[in-house]
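Heads up: numbering here begins at 1 and tracks the sequence. Each ligand, and each atom within it, is numbered from 1 in the order the structure gives.
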Amino acid sequence: MLFCVAQLYHPHDRLIVTVLILLSVYSNKTDFQPDGQAPISSTDKQITPNVESGMVYSKPRQLETDEIPLIVDDFRRAARNAIEAGFDGVEIHGAHGCLLEQFMKDSSNDCTDEYGGSLENRCRFAVEVIDAIVHEIGADRVGIRLSPFVNYMDCFDSDPHALGMYMVQQLNKHQGFVYCHMVEPRMAIVDGRRQIPHGLLPFRKAFNGTFIAAGVYDREEGNKVVADGYADLVAYGRIFLANPDLPKRFELDSPLNKYDRNTFYTQDPVIGYTDYPFLEGSNAK
Ligand SMILES: Cc1cc2nc3c(=O)[nH]c(=O)nc-3n(C[C@H](O)[C@H](O)[C@H](O)COP(=O)(O)O)c2cc1C
């Protein structure tokens with residue numbers, strides 16, 4: 001499957017990476033787990049059910065200390081497989097409440113071994129994964145996504161600035177580490193307009209590689225922050241989902257399709273994912 005994706009969708013003049021993600025407590029059905037086991041986590045605490053969607057998440061199981069090297073090795077092998085399948089690199093998912101972030105943040109990590117407690121201990125698992133992948137495929141093929149300011153899936157930190165800065169310092173130890181992709185703190189609304197909080201500037205300044213900012217950007221704000229040197233690149237989520245030819249639309253400054261929240265995170269492989277229209281006459285397909 002990885003091979004098919006890499007071969008079919010690899011653009012000739014651009015890099016393509018695949019995301020290495022371990023979902024953990026997002027899992028709401030033990031049926032999806034090997035032998036119906038509980039999802040693995042940094043805690044045994046179940047996350048708060050989502051009142052809006054009615055979603056109740058499975059109770060997780062805290063990893064034992066000696067299981068962590070096995071997971072680090074899974075990440076390493078996954079990175080190697082991605083390169084063998086034809087990807088240019090991998091993005092380590094250290095954001096939005098997934099396993100590595102659960103360990104990093106003090107709301108969700110109640111481990112009492114060397115993977116819990118201090119900031120350094122909480123980040124140890126993520127740092128071991130980064131080191132293992134860099135050693136396996138080279139720093140010039142690895143990026144990471146981090147969201148120290150985001151509070152998602154009961155996963156937040158009492159000092160997101162220190163957390164983000166510590167992680168950036170760890171990335172800087174690997175010369176040539178490709179990119180650090182960070183999600184903005186929550187937007188403020190001022191005079192009825194969204195204001196990018198520019199909360200990522202200290203990390204952009206501290207990081208030695210390419211810095212990518214994400215979170216509620218549009219064409220205008222994206223161009224502005226790149227021109228101002230606030231970020232090297234901007235990542236787009238929802239408007240890219242709703243506009244499969246987003247680069248073309250940005251180039252032409254064309255109107256955008258509106259995204260439909262009701263189809264986010266649903267299981268249909270088409271509706272809300274691949275059925276948004278292209279610009280009429282667009283050859284961007
Ligand atoms: C349907 C959907 C799926 C998403 N999946 C992920 C994901 O797997 N990992 C992740 O870090 N963020 C995920 N996100 C969040 C986006 O990557 C992005 O950070 C967020 O939408 C904010 O950026 P935006 O304002 O440009 O949309 C998802 C968002 C949507 C709408």
Heteroatom proximity flag, Gly237 to ligand 1, N/O under 3.5 Å: yes

Starting from atom 9 (N) of ligand 1, which protein heavy atom do you reach first, and at what distance in Å? His93 NE2, 3.0 Å

Should Val216 be counted as touching ligand 1, given the test is an N or O pair under 3.5 Å? yes

Do Tyr217 and ligand 1 have an N or O pair less than 3.5 Å apart? no

Does atom 6 (C) of ligand 1 have a protein non-hydrogen atom under 4.0 Å from it? no

Below 3.5 Å, N or O to N or O, backbone or side chain included: is there any such pair between Tyr273 and ligand 1? no

My question is simple, although I want it checked carefully: is atom 2 (C) of ligand 1 less than 4.0 angstrom from any protein heavy atom? yes

Listing, residues 148-157 side-chain donor-acceptor contacts under 3.5 Å, not counting sequence neighbours, or none:
unit_1: Asp154; atom_1: OD1; unit_2: Thr48; atom_2: OG1; d: 3.3
unit_1: Asp154; atom_1: OD2; unit_2: Thr48; atom_2: N; d: 2.8
unit_1: Asp154; atom_1: OD2; unit_2: Thr48; atom_2: OG1; d: 2.8
unit_1: Asp157; atom_1: OD1; unit_2: Asp106; atom_2: N; d: 2.8
unit_1: Asp157; atom_1: OD1; unit_2: Arg122; atom_2: NH1; d: 3.0
unit_1: Asp157; atom_1: OD2; unit_2: Asp159; atom_2: N; d: 2.8

From OH (Tyr276) to CG (Leu246), nearest 0.5 Å: 13.0 Å

Select one of side chain, backbone, both or neither to describe which atoms of Arg238 lie under 4.0 Å from any atom of ligand 1, heavy atoms only. both

Among Phe264, Phe240, Tyr265, which residue places a heavy atom closest to atom 28 (C) of ligand 1? Tyr265

Out of all atoms in ligand 1, which are within 4.0 Å of some heavy atom of Tyr236? Include the element for each. 26 (O)

